[in-house]
Amino acid sequence: MSTAAADAKLRDAAAAVLAQNERGGYTVPTAGLYPMQFNWDSAFAALGFAALPDSAVAADFPAERGWRELENIAAAQKADGMLPHIIFRGDYGGYFPGPDIWQAGGAPPTSGISNPPVAALAAATLRRKKPLADKGRYRRLLRALAKWHKWLADCLHPLHNFFVAAHPWETGRDNLCDWDAAMRRIRPRDHGDYTRSDTRFVDAAQRPSRAEYDGFLEIIAVGRDTAWQQKTFRQQTPFKMGDPGITAILAAAADALDEMLGEENMAEELEWTRGIGARAREGLAFLWNEAAGGYVAYDVEAGEHLDGISSAAFLAPLAGIFEGEKHKKLMAEFDRIAAAAKYTMPSYDPAAAGFEAKRYWRGPVWLPFNLLIALGFARAGETARAGQIAEASLRLARDAGFYEYFCPHSGAGLGGAPFTWTAAAALVFLQWESWEK
Ligand code: 2M8
């Protein structure tokens with residue numbers, strides 16, 4: 001098969017995944033394992049819709065499909081501005097932990113924590129590719145995103161300005177090795193004899209451990225005890241983690257949002273968001289670890305930088321930080337890690353203790369994360385490295401299918417499938433050369 005024919009086949013297959021996982025205005029990550037709406041998954045889905053060729057849009061999707069995805073994230077906004085990480089729409093009955101455990105309110109019910117703010121990046125892309133004709137709807141969405149960013153800015157560390165995650169699930173990288181020490185300090189109460197749903201769908205060896213789930217549930221219980229009063233919850237949570245992932249994404253998203261708000265002359269909203277991008281960049285700069293040669297997590301309780309290099313270290317260019325000696329060092333780390341794996345970019349350094357090639361966020365390659373890294377690299381003029389990521393991502397999707405994540409050594413597909421954000425990222429990578437970054 002010619003390359004063009006193989007690309008067309010992959011594109012049609014990716015579009016079919018978006019169609020299959022669509023539930024009427026929102027797209028589930030994958031049926032069974034994650035049967036409801038997730039915040040940053042939906043934002044990646046919106047990027048996928050932005051990348052659909054017009055022929056596919058006309059055939060299967062209304063042009064505003066991506067906008068509806070974002071509007072349905074925004075519709076779950078809490079009074080304080082938070083956009084929750086899960087919105088329990090549709091038939092979520094099989095998922096654990098459900099709304100009965102979260103008790104975080106909402107109609108439909110939601111979780112009590114937030115998620116990496118990819119939505120404004122998706123909105124900026126959609127605005128270029130498939131602008132929303134209805135200005136009222138567009139401005140309402142921007143206003144909701146501005147409120148959310150303001151809320152996220154309130155969760156920046158008061159001195160150092162990095163984002164402090166209150167739960168591993170907030171970072172989206174649930175069982176990253178960097179969380180281990182903090183998770184081990186948690187002394188969970190008895191959460192009874194609960195049954196996880198994830199291991200019904202995926203081999204337990206590819207998922208977080210039972211001890212980690214006890215910790216996840218404990219943090220939820222702390223939130224419940226505070227009736228999800230966010231200020232109190234964030235003081236009382238046993239997990240307070242400076243996350244380079246959310247910090248870098250927030251910096252990039254804040255810039256994108258400010259540009260859209262500026263175009264629309266939305267003065268009040270611009271007032272809310274003033275300085276957020278700069279503060280997040282300051283926070284990311286604080287997370288630099290010279291010995292490690294990268295941007296790392298910061299354990300707030302322990303008061304220390306960690307020394308592991310996760311894939312989030314490479315989001316600094318996306319945040320607009322790509323100059324001088326630090327950038328050179330970071331690129332050297334990228335090359336070292338890329339050379340240690342057959343497929344770029346493992347979620348955690350394969351040379352580090354704790355790395356596991358097949359266990360979820362402890363090593364596997366994730367295509368949506370690859371997309372964010374590659375977009376930043378392209379912006380920084382790291383064209384070859386960005387191309388290397390695009391190429392590896394397409395190889396994985398082509399050879400293994402649209403899996404949730406992949407083994408960086410064998411390329412085997414892992415976790416759930418067919419997965420929305422993998423298909424969405426592939427749709428962008430298929431147009432990488434011509435894609436406006
Ligand atoms: C995973 O997280 C959820 C909990 O939030 C789970 O394991 O049940 C993570 O990979 C997260 O980043 C993602 O948004 C979610 C749905 O794909 O699954």
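Start at 1 and go down the list; that is how both ligands and their atoms are numbered.
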Ring centroid separation for Phe38 and Trp40, is it under 6.0 angstrom? no

Of all heavy-atom pairs linking Trp67 and Pro131, the shortest is NE1-C, 4.0 Å

Stacked cation flag Arg196 on Tyr213, 6.0 angstrom / 45 deg: yes

Could you check ligand 1 for N or O atoms lying under 3.5 Å from protein N or O atoms and list the pairs with distances?
from     : atom 1 : to     : atom 2 : distance (Å)
ligand 1 : 2 (O)  : Asp174 : OD2    : 2.8
ligand 1 : 2 (O)  : Tyr360 : OH     : 3.4
ligand 1 : 5 (O)  : His85  : NE2    : 2.9
ligand 1 : 7 (O)  : Asp174 : OD2    : 3.2
ligand 1 : 7 (O)  : Arg207 : NH2    : 2.9
ligand 1 : 7 (O)  : Tyr360 : OH     : 2.6
ligand 1 : 8 (O)  : Tyr95  : OH     : 2.6
ligand 1 : 10 (O) : Trp361 : NE1    : 3.0
ligand 1 : 12 (O) : Trp40  : NE1    : 3.1
ligand 1 : 12 (O) : Gly172 : O      : 2.6
ligand 1 : 14 (O) : Trp40  : NE1    : 3.0
ligand 1 : 14 (O) : Asp41  : OD1    : 2.6
ligand 1 : 17 (O) : Asp41  : OD2    : 2.7
ligand 1 : 18 (O) : Tyr34  : OH     : 3.3

Ala280 and Leu156 have their tightest heavy-atom pair at N-CD1, 4.5 Å

Practice item. Decide if the gap between the ring center of Tyr360 and the ring center of Trp366 is smaller than 6.0 angstrom. Key: yes

Across all chains, not counting sequence neighbours, the side-chain contact (heavy atoms from CB on, under 4.5 Å) partners of Asp258 are Leu261, Leu270, Thr273

